[in-house]
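Whatever order the structure lists them in is the order used to number ligands and atoms, beginning at 1. Because the structure is a prediction, the values reported are computed rather than measured.
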Amino acid sequence: MTGYDTIVIGAGHNGLVCATYLAKTGQRVLLLEAADTVGGLAADREFHPGFHAPVAHTLSHFSSKVARDLDLQRHGFNPGSSELPLVGVGNGEPVVVHDGKISGVSAKDQRAYLDYHGLLCRFAAVLEPFWLKTMPRIGSNSIGEVMTFAKLGLDLRRLGKKDMGEFLRIAALPMRDLVDEHFDNEQLKAMLCWDGLIGSKMAPRSPNSAVLALLYRLSGEMHGGHAIPSGGVSSLVSSLMASAENAGVDIRVSSEVSRIRIDSDKERQRATGVHLANGESFAADRVVSAIDAQRTFVNLVGVEHLDIGFTNRIRRIRSDGYVGKLHLALNALPEFRGVDRPDGRIIITPNMDAIEFAFDDAKYGNASAEPVMEVVIPSAADSSLAPDRQHVLSAHVMYIPYKARDGWTGAARDEVRDRAIDTIVKYSNGLRDQIVASEFLTPADIEATYHVSGGHWHHGDFAMDQMLMMRPTYEAAQYNSPIAGLHLCSAACHPGGDLTGLAGHNAAKELLR
Ligand SMILES: Cc1cc2nc3c(=O)[nH]c(=O)nc-3n(C[C@H](O)[C@H](O)[C@H](O)COP(=O)(O)OP(=O)(O)OC[C@H]3O[C@@H](n4cnc5c(N)ncnc54)[C@H](O)[C@@H]3O)c2cc1C
């Protein structure tokens with residue numbers, strides 16, 4: 001067995017971030033990836049010869065601190081300066097939000113949007129430092145940990161009485177109530193809901209944490225805006241990989257970890273290395289898992305090494321995905337009714353009821369009869385993603401259940417794909433004739449291809465009982481675990497998913513304490 005200081009399992013963006021921070025301090029770090037390429041859900045995907053679309057299609061709040069610390073710009077990352085317009089299409093005139101301005105709605109809604117966005121950005125700014133911190137351990141009285149909460153309380157207090165009261169009032173409000181209070185235009189309400197809902201098992205009427213998810217996404221320099229970096233989202237991955245290699249991380253792809261080696265002494269069990277599916281083994285002082293918590297503990301550690309209460313909490317994590325992915329190879333740039341140029345994030349849904357009804361189908365194991373979706377044409381931002389004058393359409397389709405009522409068959413997948421295409425065609429007349437090739441990934445396909453339990457966007461619902469010091473469970477919320485020497489750093493940890501690099505950053509900071 002070869003010895004390393006640290007083995008990181010999984011070269012998604014969080015695994016890459018964590019491994020690089022550790023290697024920069026001189027540690028010998030081995031990064032093992034099951035797939036034949038790094039990047040996880042952000043990895044390049046050539047779904048038809050010459051047509052590229054990673055599962056994650058835009059960037060919104062990748063940590064600028066991580067980008068600076070890891071010198072990503074020098075390693076080829078160009079975040080792109082232009083924010084994508086947010087376009088809502090449905091029954092009436094499209095509504096467009098871009099660079100703080102809004103069109104297609106009344107003057108009253110335009111004014112309301114400025115107030116709404118300003119208010120939420122103030123709240124997001126208070127929460128932002130929290131996303132870059134290790135959460136206090138439940139029951140801990142250590143000054144440092146207590147101060148984390150004290151600081152949040154103080155920052156909220158500094159908002160002033162009115163805003164603080166409003167923050168507390170709306171934090172667990174259903175998205176529908178929040179936008180209903182501010183706006184008249186149904187199209188606008190539906191599109192503003194989107195970033196609170198996407199990725200979790202939630203619809204506009206669901207109480208819980210959609211507003212918190214929205215605030216999470218409003219943090220960062222783009223204040224909720226999205227962009228496609230030059231070279232596409234996977235250019236973030238190439239720059240992370242270049243930075244990791246520059247720091248000396250030993251990266252091995254096609255290296256699926258089948259078991260984490262656990263040794264026991266009188267005191268405690270300890271992770272001492274890993275065994276790979278191909279029979280190889282590696283030893284290390286510590287193992288960091290950059291994959292989801294259920295796979296880490298149930299599949300790789302084995303429940304025989306775990307306390308029953310902890311095992312139950314891990315098994316109970318809700319991680320059934322509800323987002324499917326449609327990729328179309330097109331022989332021309334598609335046109336959308338009433339939209340000048342399809343270079344934004346196009347939210348297809350006429351109103352919030354349509355989102356709610358689409359969700360109702362999926363709750364009972366059926367793919368939505370009338371899916372709602374976010375469409376992006378990444379090749380309109382970067383022509384290298386498709387052959388000359390051809391284009392890629394990438395869509396997040398909701399709601400597609402991980403467990404289909406009658407199981408996922410090829411025919412069931414084709415039916416859902418066709419339903420999604422039919423929905424887009426309602427707004428883009430000529431699209432059907434432009435399609436050269438297509439693929440549809442259900443959450444079950446995403447699980448199988450990307451090794452993510454449930455094919456879940458966040459590796460586990462972003463919900464009040466699975467957040468902060470409860471993420472992924474209260475025993476493992478500080479990027480460590482009940483097994484000595486076994487740490488966690490994926491989206492399954494605080495603060496959650498999206499391409500942010502935050503969990504990888506926070507875990508490395510904790511390990512280097
Ligand atoms: C359909 C969909 C669309 C999305 N769109 C966006 C978007 O547009 N923008 C955005 O910001 N976020 C998006 N997300 C969310 C985002 O992609 C994830 O939250 C993010 O990729 C999580 O990063 P990660 O590094 O923690 O894990 P992952 O990206 O899941 O990477 C984990 C890696 O570990 C590897 N692995 C797993 N098991 C093993 C093993 N046993 N041995 C070795 N390696 C292993 C996997 O192969 C994978 O490469 C989307 C998610 C989904 C599902």
Inset, instruction - Run the contact test for Arg295 against ligand 1 with a 4.0 Å cut-off on heavy atoms, strictly below, and give the result. - result: no
Legend entry - Check: His13 N/O within less than 3.5 Å of ligand 1 N/O: yes
Legend entry - Nearest neighbour in protein (non-hydrogen) for atom 12 (N) of ligand 1: Asp498 CA, 3.5 Å
Inset, instruction - State the CD1-NE2 distance between Ile9 and His451, to the nearest 0.5 angstrom. - result: 13.0 Å
Legend entry - ligand 1 contacted by Leu59 (non-hydrogen, < 4.0 Å): no
Inset, instruction - Would you mind listing which atoms of ligand 1 come within a distance below 4.0 Å of any non-hydrogen atom of Val452? - result: 30 (O)
Legend entry - Gly321 to ligand 1, any heavy atom closer than 4.0 Å: no
Legend entry - Ring-face cation contact, Tyr4 with Arg28, 6.0 Å cut, 45° max: yes
Inset, instruction - Classify the angle between the aromatic ring planes of His458 and Tyr216 as parallel (below 30°), tilted (30 to 60°) or perpendicular (above 60°). - result: tilted
Legend entry - Contact check: Val257 vs ligand 1, nitrogen or oxygen atoms, below 3.5 angstrom: yes
Inset, instruction - Just go through Ile198, Ile291, Val17, Val233 and tell me whose heavy atom is the nearest to atom 45 (C) of ligand 1. - result: Ile291
Legend entry - Protein heavy atom at shortest distance from atom 17 (O) of ligand 1: Leu41 CB, 3.3 Å
Legend entry - Contact partition for His459 relative to ligand 1, non-hydrogen atoms under 4.0 Å: side chain
Legend entry - Protein residue, atom and distance nearest to atom 9 (N) of ligand 1, heavy-atom basis: Thr58 O, 2.8 Å
Legend entry - Mode of Thr500 contact toward ligand 1 - side chain, backbone, both, neither (heavy atoms, under 4.0 Å): neither
Legend entry - Identity of the nearest option to atom 32 (C) of ligand 1, non-hydrogen atoms only, from Gly454, Gly10, Ala290: Ala290
Inset, instruction - Compute the centroid of each ring, for His456 and then for Tyr402, and state whether the two points are separated by less than 6.0 Å. - result: no
Inset, instruction - Would you check whether His451 has a nitrogen or oxygen atom less than 3.5 angstrom from a nitrogen or oxygen atom of ligand 1? - result: yes
Inset, instruction - Would you check the N or O atoms of Asn14, main chain and side chain alike, for any that come under 3.5 Å of an N or O of ligand 1? - result: yes
Legend entry - Shortest non-hydrogen separation from Cys489 to Ala503 and the atoms involved: O-CB, 3.5 Å
Inset, instruction - Determine whether the side chains of Asp44 and His52 contain a donor N or O and an acceptor N or O closer than 3.5 Å. - result: yes
Legend entry - Distance from atom 8 (O) of ligand 1 to nearest protein heavy atom, with residue and atom: His57 N, 2.9 Å
Inset, instruction - Can you sort out which atoms of ligand 1 are near Gly40, meaning under 4.0 Å from one of its heavy atoms? - result: 29 (O), 31 (O), 48 (C), 49 (O)
Legend entry - Residue, atom name and distance, where the atom is the protein heavy atom closest to atom 2 (C) of ligand 1: Val55 CG1, 3.4 Å
Inset, instruction - Report the member of Ser60, Ala34, Gly12 with the shortest heavy-atom distance to atom 31 (O) of ligand 1. - result: Gly12
Legend entry - Donor-acceptor contact present, side-chain Arg252 to main-chain Leu32, <3.5 Å: no
Inset, instruction - Please assess Asp498 against Thr500 for the test side-chain hydrogen bond (donor to acceptor under 3.5 Å, both in side chains), listing each intermediate value before the final yes or no. - result: CA-CA 6 Å; Asp498 291 352; Thr500 65; over 6 Å; no
Inset, instruction - Please state which part of His61 comes within less than 4.0 Å of ligand 1, counting heavy atoms only: side chain, backbone, both or neither. - result: neither
Inset, instruction - Starting from atom 35 (C) of ligand 1, locate the nearest protein heavy atom and write down its residue, its atom name and how far away it is, to 0.1 Å. - result: Glu33 OE1, 3.3 Å
Inset, instruction - Please identify which atoms of ligand 1 are closer than 4.0 Å to at least one heavy atom of Gly497. - result: 19 (O)
Inset, instruction - Examine Trp457 together with His396 and report whether their ring centres are nearer than 6.0 Å. - result: yes
Legend entry - Numbering as shown, the atoms of ligand 1 that approach Gly455 to under 4.0 Å (heavy-atom distance): 53 (C)
Legend entry - The one among Trp457, Phe62, Tyr322, Phe462 that brings a heavy atom closest to atom 13 (C) of ligand 1: Trp457
Inset, instruction - Any atoms of ligand 1 less than 4.0 Å from a non-hydrogen atom of Ile446? List them with their elements. - result: 1 (C)
Legend entry - Aromatic ring proximity, centroids under 6.0 angstrom, Phe51 and His327: no
Inset, instruction - Please determine if His458 has a nitrogen or oxygen closer than 3.5 Å to a nitrogen or oxygen of ligand 1. - result: no
Inset, instruction - Below 4.0 angstrom from a heavy atom of Tyr450, which ligand 1 atoms are there? Numbered from 1 as shown, please. - result: 46 (C), 47 (O), 48 (C)
Legend entry - Sub-3.5 Å N/O-N/O distance, Leu499 and ligand 1: yes
Inset, instruction - Just jot down the ligand 1 atoms closer than 4.0 angstrom to any heavy atom of Glu256, in number order. - result: 41 (N), 42 (N)
Inset, instruction - Flag Ala491 as yes when one of its N or O atoms lies below 3.5 Å from any N or O atom of ligand 1, and as no otherwise. - result: yes
Legend entry - Heavy-atom donor-acceptor pair, Ser235 side chain to Ser230 backbone, under 3.5 Å: yes
Inset, instruction - Give yes or no for whether the N/O distance cutoff of 3.5 Å, strictly under, is met between Ala42 and ligand 1. - result: no
Legend entry - Close-contact set for ligand 1 against Ser490 heavy atoms, below 4.0 Å: 26 (O)
Inset, instruction - Taking all non-hydrogen atoms of both residues into account, name the closest pair between Gly90 and Tyr427 and its distance. - result: O-CE2, 3.1 Å
Legend entry - No-hydrogen, no-angle side-chain donor-acceptor test under 3.5 Å, Tyr399 and Asp361: no
Legend entry - Where Pro378 and Ile228 come nearest, the two heavy atoms and their spacing: CA-CD1, 3.6 Å
Inset, instruction - Could you tell me which non-hydrogen atom of Pro371 sits nearest to which non-hydrogen atom of Ala420, and how far apart they are? - result: CG-CA, 4.1 Å
